Amino acid sequence: MQWPKPILSARQPRPAASFAARSKRWTSSAARPEPIGSQNARRNYERYLALARAEAQIGNTVAAENYYQYAEHYFRSISSDSEGA
């Protein structure tokens, strides 16, 4: 009895140069502006607070509480950042 040949992928293997080019693309010597963590935390706090208020307004207390908990997390993050500065 003969076994059927395994079906091989028709996709051609990538040349090694493509990996090198891809890794160069991600490693740049140019300085990238780093986002400031407290600004991101404040933005997220305000976003989740607005979402919580919107859910509370339509009567969805479970979703509102969920969003309030996220907002509280970011509020605590902001508070800890200001204490450390």
Side-chain angles (χ1 to χ4, degrees):
M1 177 175 175
Q2 284 186 328
W3 296 98
K5 290 185 178 181
I7 300 172
L8 299 176
S9 174
R11 195 171 106 186
Q12 296 294 323
R14 293 182 178 183
S18 115
F19 177 75
R22 191 173 36 202
S23 65
K24 278 185 182 179
R25 180 176 36 181
W26 295 112
T27 57
S28 172
S29 61
R32 294 181 183 165
E34 291 293 325
I36 299 173
S38 62
Q39 288 179 352
N40 288 336
R42 183 170 302 281
R43 186 180 322 123
N44 286 332
Y45 167 72
E46 291 170 359
R47 178 177 60 138
Y48 282 114
L49 198 58
L51 288 169
R53 288 177 180 156
E55 291 294 333
Q57 192 173 27
I58 63 172
N60 191 349
T61 57
V62 174
E65 180 62 29
N66 183 32
Y67 287 133
Y68 278 127
Q69 288 178 4
Y70 278 107
E72 182 184 13
H73 164 74
Y74 287 108
F75 178 79
R76 289 179 186 211
S77 179
I78 294 166
S79 298
S80 69
D81 286 348
S82 65
E83 288 174 2

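Below, each value reflects all heavy atoms present in this structure, side chains not excepted, and no hydrogens, waters or symmetry copies. All values derive from a computational prediction rather than experimental measurement.
For residues 45-56, there are no salt bridge (Lys or Arg N to Asp or Glu O under 4.0 Å) pairs, not counting sequence neighbours.
With sequence neighbours excluded, the residues forming a side chain to side chain contact (heavy atoms under 4.5 Å, CB included) with Tyr74 are Ala41, Asn44, Tyr45, Tyr48, listed by chain and number.
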Give the table of side-chain donor-acceptor pairs shorter than 3.5 Å for residues 66-73, with sequence neighbours excluded, one pair per line with atom names and distance.
| unit_1 | atom_1 | unit_2 | atom_2 | d |
| --- | --- | --- | --- | --- |
| Gln69 | NE2 | Glu65 | OE2 | 3.4 |
| Glu72 | OE2 | Arg76 | NE | 3.4 |
| Glu72 | OE2 | Arg76 | NH2 | 2.7 |

